[in-house]
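Here is the structure we will look at, set down as structure tokens.
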Amino acid sequence: MVNKMWAVCVVVVLALNLWCNIGARAAPQVPCYFIFGDSLVDNGNNNQLQSLARADYLPYGIDFGGPTGRFSNGKTTVDVVAELLGFDDYIPPYATARGQDILKGVNFASAAAGIREETGRQLGGRITFSGQVKNYQSVVSQVVNFLGDEDQAANYLGKCIYSVGLGSNDYLNNYFMPQFYSTGNQFTPEEYATSLIQDYSQQLRGKPQVREPQVPCFFIFGDSVSDNGNNNLLPTLAKVNYSPYGVDFPQGPTGRFCNGRNIVDVLAELLGFENYIPPFAYANGSEIVEGVNYASGAAGIRKESGRQLGARISMGEQLKNHRTTVLRIIDILGKRSLAKKHLNKCLYSVGMGSNDYINNYFLPQYYQTSKKYTLEEYAEVLIKQYTQQILRLRKYGARKVSLVGLGLIGCTPDAIKTYGTNGSSCVEKLNNASQQFNQKLVALVDELNTNFTDSKFIYVNSYEMGSGDPTLVGFKVLDAGCCEVDQYGQCAPNKTPCQNRTDYVFWDGFHPSEASNLITASRTYSAYNASDAYPMDISHLVQLQLEPQVTAI
Ligand SMILES: *[C@@H]1O[C@H](CO)[C@@H](O)[C@H](O)[C@H]1NC(C)=O
Ligand SMILES: *[C@@H]1O[C@H](CO)[C@@H](O)[C@H](O)[C@H]1NC(C)=O
Ligand SMILES: *[C@@H]1O[C@H](CO)[C@@H](O)[C@H](O)[C@H]1NC(C)=O
Ligand SMILES: *[C@@H]1O[C@H](CO)[C@@H](O)[C@H](O)[C@H]1NC(C)=O
Ligand SMILES: *[C@@H]1O[C@H](CO)[C@@H](O)[C@H](O)[C@H]1NC(C)=O
Ligand SMILES: *[C@@H]1O[C@H](CO)[C@@H](O)[C@H](O)[C@H]1NC(C)=O
């Protein structure tokens with residue numbers, strides 16, 4: 001009897017199975033499938049990134065019906081797994097997944113990505129594991145919206161399959177590339193594996209490390225390249241708190257001379273700050289203990305530079321403002337000695353000099369300097385004044401100082417339009433002026449480091465970083481800004497800018513696009529090669545344990 005019952009059951013089960021298989025297509029075995037990884041499973045997430053790690057062209061996809069971004073001639077392993085799980089379609093890439101599509105899962109994988117943030121950096125844009133986890137969090141919020149509440153979403157997501165595969169690039173595009181990364185020197189193979197697994201485990205547990213910034217505060221002195229709103233309240237032509245500036249910045253136009261983040265914004269991120277460093281013009285509370293940005297468009301080392309454009313805050317005045325901040329920090333921390341300790345540990349970025357050329361020396365109709373000085377003498381005079389200003393900054397407690405050299409001021413669309421290139425690709429006399437200034441700045445860095453063993457000054461080689469072939473990192477437009485410019489080389493208000501902004505080196509007539517800034521900031525923070533920053537890059541500068549100078553107390 002028992003046996004017979006068994007037999008009946010078996011027959012029924014077989015029949016059910018059969019019926020299922022020939023009937024309507026089976027539902028997948030899980031409601032959703034989420035994928036995290038690198039190029040082995042990327043299915044298009046890098047297509048919109050400025051990256052060398054892209055596969056959105058033939059012969060990739062030749063057996064798939066065309067290129068999709070998959071790094072294969074056909075399907076990837078997760079495509080096949082999706083089929084075996086019973087999904088009708090492949091899991092969509094995060095980059096293009098829209099609407100209810102996300103309910104069956106999303107593929108977050110990105111070629112060149114690793115467990116470590118910096119991994120794959122030399123290839124350009126990529127979505128690191130922490131970025132993929134962030135994107136997952138955004139998908140979770142959408143799932144909550146679709147399903148009505150968090151409990152339902154948690155219940156639903158608990159039934160999904162998650163595939164996570166990272167780590168190869170942390171070796172191939174990090175540890176074993178000593179020309180780009182320092183991990184090979186920092187860790188033995190054993191230590192590196194341990195450190196990777198630690199990071200991996202933290203991310204998998206959904207506990208992104210709450211990282212303290214690497215320095216307690218970040219102070220910024222400079223011109224329009226770093227200005228983030230200090231000119232907004234001034235009567236000047238050098239102010240851009242209007243659209244389309246800020247089109248790619250979360251808060252829209254802020255006074256930044258860029259479509260998105262400035263170099264110092266990206267540096268603040270790399271240093272681990274949660275917020276961007278506030279402009280002096282608006283920073284009135286205790287937020288100043290994390291740093292202040294004093295930069296002002298049109299400002300120079302010399303007080304008169306940029307005068308023909310209207311008001312601006314020269315380097316001398318930026319230092320006066322810093323003195324105000326120092327007094328406020330003493331107030332906030334309660335003790336002069338505490339404030340001094342705090343200020344000693346901070347990072348100071350100083351980038352000045354461009355306007356002393358383009359808005360002074362090379363405008364003989366407004367300024368006398370070119371009549372008074374040869375170019376060589378002028379560089380000497382500028383550096384002499386700059387030295388006094390830097391020493392004053394040191395007096396206010398600065399010990400770790402990044403001095404940003406001049407870039408290729410002769411290669412901006414505006415310079416080329418104004419001066420012509422006489423057969424070269426850029427305006428030679430402007431670039432030559434930059435180089436003369438830079439040579440003396442490097443010598444000053446050496447002198448300061450010799451004289452002050454309790455401090456470290458570095459030179460950031462903007463000129464070198466601007467000198468490579470931009471098309472090699474994916475830029476397509478080198479000689480025109482992305483927006484329609486007015487007679488001052490600034491974006492005309494409220495005109496629609498170009499769509500593909502990551503294709504452009506320049507945003508307006510003078511200023512680099514956010515895409516350029518990302519590369520410059522990344523190289524300033526962590527040099528691609530030895531000539532990017534001298535004698536070290538910012539990632540090393542901030543780790544330095546400086547000895548107190550042996551002097552009387
Ligand atoms: C700082 O300025 C903002 C507006 O810019 C104002 O709302 C705020 O009350 C000010 N805070 C202090 C402490 O003065
Ligand atoms: C233009 O180039 C020619 C040939 O190289 C050179 O002789 C001349 O001085 C240049 N002119 C200017 C204004 O730089
Ligand atoms: C720029 O410098 C180069 C190399 O020193 C020199 O050959 C060239 O004549 C200079 N050009 C101008 C326009 O000053
Ligand atoms: C460095 O020290 C030398 C010798 O004492 C001095 O002549 C020079 O002015 C100092 N330079 C700076 C930048 O402090
Ligand atoms: C550093 O990189 C730049 C651009 O990528 C290149 O032009 C230069 O030759 C490199 N320098 C060294 C010393 O490798
Ligand atoms: C911008 O992108 C579109 C579509 O990808 C392309 O057709 C166009 O040529 C691009 N424009 C520039 C200036 O690169």
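Reckoned from all heavy atoms, side chains included, excluding hydrogens, waters and symmetry mates. Counting starts at 1 for both ligands and their atoms, following the listed order. The structure displayed is predicted, hence computed values, not measured ones.
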>> As a quick check of understanding, evaluate side chain to side chain donor-acceptor pair (under 3.5 Å) for Ser130 and Glu117, giving each step before the final call.
In response: CA-CA 8 Å; Ser130 76; Glu117 283 302 294; 2.5 Å; yes
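- If you number the atoms of ligand 4 from 1 as listed, the ones under 4.0 Å from a heavy atom of Leu448 come out as 13 (C).
- The SG atoms of Cys483 and Cys498 do not lie less than 2.5 Å from each other.
- Each of the following atoms of ligand 4 lies closer than 4.0 Å to a heavy atom of Thr387: 13 (C).
- The one candidate from Arg302, Arg307, Gln308 that meets the side-chain hydrogen bond (donor to acceptor under 3.5 Å, both in side chains) condition with Glu304 is Arg302.
- Tyr276 carries Arg256 over the face of its six-membered ring, with the cationic atom under 6.0 Å from the centre and within 45° of the normal.
- For the residue pair Ser314/Glu317, the side-chain donor-acceptor check at 3.5 Å is satisfied.
- For atom 10 (C) of ligand 4, the closest non-hydrogen atom of the protein is Asn451 ND2, 2.3 Å.
- Nearest residue to atom 2 (O) of ligand 3 from Val427, Asn432, Leu430 is Asn432 (criterion: closest heavy atom).
- Checked against the 6.0 Å centroid threshold, Tyr459 and Tyr534 do not count as a close aromatic pair.
- In this structure, atom 5 (O) of ligand 4 has its sub-4.0 angstrom surroundings free of protein heavy atoms.
- The nearest protein atom to atom 13 (C) of ligand 4, hydrogens excluded, is given as Glu447 OE2, 3.3 Å; this is a heavy-atom distance.
- Ligand 3 places these atoms under 4.0 Å from at least one heavy atom of Lys429: 13 (C).
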